[in-house]
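In listed order, ligands and their atoms are each counted from 1.
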Amino acid sequence: MGTDDAIGRELRAAVAATRGHFRYESGHHGDLWLDLDALFVDAIRMRRWAAALVAEAASCGAEVVCGPLTGGALLARVIAAELHLDFVHAERHVEGGAVRYRIPDALGAVVAGRRALLVDDAINAGSAVGLTLAELTRHSAIPAGIACLLTLGEAAGRIAREHGVPLVRLATLDRGMWQAGDCPLCAAGMPLEEQGLGTGGQGSS
Ligand SMILES: O=P(O)(O)OC[C@H]1O[C@H](OP(=O)(O)OP(=O)(O)O)[C@H](O)[C@@H]1O
């Protein structure tokens, strides 16, 4: 989907973006922080965005929709309703210092052997999406596509290519992101702020 359409512009305007020096939960440093929670306040608008994603994602032949808590699952649930498909969520856990996204055991049978559309609100380092795909695969689901409102950087496209599935998104945002040891903002002596977008301490990117 193109990113210069009206919805893309609306999304970029709606997201609360702050420039600065941040440490994402993936461990990377970056120059953009997003308050994604603000995107969900207007439920009618969110339903309209979900419908725009559905128009592109319907052809991937999904049988179930999955999203990582919290933002991804909120959007995934709306998309599942639009597509008249089942919905499951994946929950972030830290086990032995490693991050995992877990689908509740009781819901494993919902995804087993079925084509799954993975939905997130934003994909940055790709940790949440990458780890949720791993969990879907563990439950014998078949990745069918990835859908999100926003992508930042190249991780979303790379993960979609690696899994051979289409990526559907409504907007892209530019940002710098670096391994902590290579961060030019650290090198410039810019103080690090403690808020940031991203999950999955071990990172998938
Ligand atoms: O591609 P990534 O680097 O993983 O970043 C994107 C993820 O970060 C945000 O979730 P967050 O961990 O902030 O949790 P939340 O949805 O509960 O706010 C967002 O909802 C995505 O799931």
Side-chain angles (χ1 to χ4, degrees), residues 11-12 14-18 20-43 46 49-50 53 65-80 87-95 97-104 116-136 143 145-163 165 167-180 182-183 192-205:
L11 247 170
R12 283 191 293 272
V15 72
T18 306
H21 182 195
F22 306 102
R23 190 186 73 79
Y24 303 143
E25 287 190 35
S26 63
H28 295 85
H29 288 199
D31 63 3
L32 182 70
W33 173 71
L34 302 180
D35 179 1
L36 297 170
D37 292 341
L39 296 178
F40 291 90
V41 172
D42 184 337
M46 180 55 69
W49 290 340
L53 286 172
V65 183
C66 178
L69 289 171
T70 305
L74 288 173
L75 175 60
R77 191 163 174 268
V78 180
I79 286 178
F87 157 76
V88 299
H89 68 273
E91 191 169 1
R92 187 175 185 270
H93 289 267
V94 181
E95 297 171 5
V99 175
R100 277 188 62 190
Y101 277 80
R102 291 194 58 178
I103 294 168
L117 174 64
L118 176 52
V119 175
D120 207 346
D121 50 352
I123 302 175
N124 186 28
S127 299
V129 159
L131 294 170
T132 303
L133 274 168
E135 175 70 351
L136 282 166
I146 299 172
C148 64
L149 300 175
L150 292 162
T151 61
L152 300 92
E154 300 305 315
R158 176 178 48 75
I159 292 169
R161 282 194 300 278
E162 286 172 358
H163 287 82
V165 297
L167 169 66
V168 177
R169 60 189 165 193
L170 298 182
T172 62
L173 280 174
D174 293 329
R175 57 99 178 90
M177 187 179 77
W178 310 274
Q179 298 289 343
D182 300 328
C183 176
L192 190 65
E193 301 177 47
E194 284 303 321
Q195 55 194 6
L197 175 148
T199 57
Q202 65 194 23
S204 60
S205 60

message: I'd like to check R169 versus L149 (side-chain heavy atoms, cut-off strictly below 4.5 Å). Are they in contact?
response: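 Side-chain contact under 4.5 Å: no.
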Contact check, side chains of P104 and H89, non-hydrogen atoms, under 4.5 Å: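 Yes, close enough: below the 4.5 Å cut-off.
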field: Separation between CG of L152 and CD1 of I123, rounded to the nearest 0.5 Å
entry: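 So the CG of L152 and the CD1 of I123 are separated by 9.5 Å.
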task: Give, for atom CG of L11 and atom CG of L173, the distance between the pair rounded to the nearest 0.5 Å.
output: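 If we round to the nearest 0.5 Å, L11:CG and L173:CG are 8.5 Å apart.
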message: Would V129 count as a contact residue for ligand 1, given that I'm defining contact as a non-hydrogen atom of the residue lying under 4.0 Å from a ligand atom?
response: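 Outside the 4.0 Å threshold, so no.
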message: With a 4.0 Å cut-off on heavy atoms, is G126 in contact with ligand 1?
response: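 Per 4.0 Å heavy-atom rule, G126 contacts ligand 1.
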Is there a polar contact, in the sense of an N or O pair closer than 3.5 Å, between [X] and ligand 1?
X: P68; answer: no
X: D120; answer: yes
X: D37; answer: no
X: A128; answer: yes

- request: Could you see which bit of S127 sits under 4.0 Å from ligand 1, with heavy atoms only: side chain, backbone, both or neither?
  value: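 S127 to ligand 1: contacts from backbone and side chain alike.
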query: Of the backbone atoms (N, CA, C, O) and the side-chain heavy atoms from C-beta on, which set of D121 has a member under 4.0 Å from an atom of ligand 1: side chain, backbone, both, or neither?
result: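 For D121, the contact with ligand 1 is made by the side chain alone.
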Within a distance under 4.0 Å of any heavy atom of [X], pick out the atoms of ligand 1 and give their elements.
X: I123; value: 1 (O)
X: T70; value: 15 (P), 16 (O), 17 (O)
X: N124; value: 1 (O), 2 (P), 3 (O), 5 (O)

message: Within a 6.0 Å radius of atom CZ on R77, are there more than 12 heavy atoms belonging to other residues, nucleotides or ligands?
response: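 It does not: R77 CZ has 12 such atoms or fewer within range.
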message: Looking at every heavy atom in both L167 and A160, which two are closest together, and how far apart are they?
response: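 Reported closest heavy-atom pair: CB-CB, 3.8 Å.
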task: Please determine if E95 and R100 form a salt bridge, counting it only when a charged side-chain N lies under 4.0 Å from a carboxylate O.
output: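 R100 and E95: salt-bridged.
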query: Counting distance only, does the side-chain N/O of H28 pair as donor-acceptor with the main-chain N or O of Y24 below 3.5 Å?
result: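 Judged by distance alone, no pair lies under 3.5 Å.
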task: Between A122, G71, A90, A73, flag the one that comes closest to atom 7 (C) of ligand 1 by a heavy atom.
output: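 Residue with the shortest heavy-atom distance to the ligand atom: A122.
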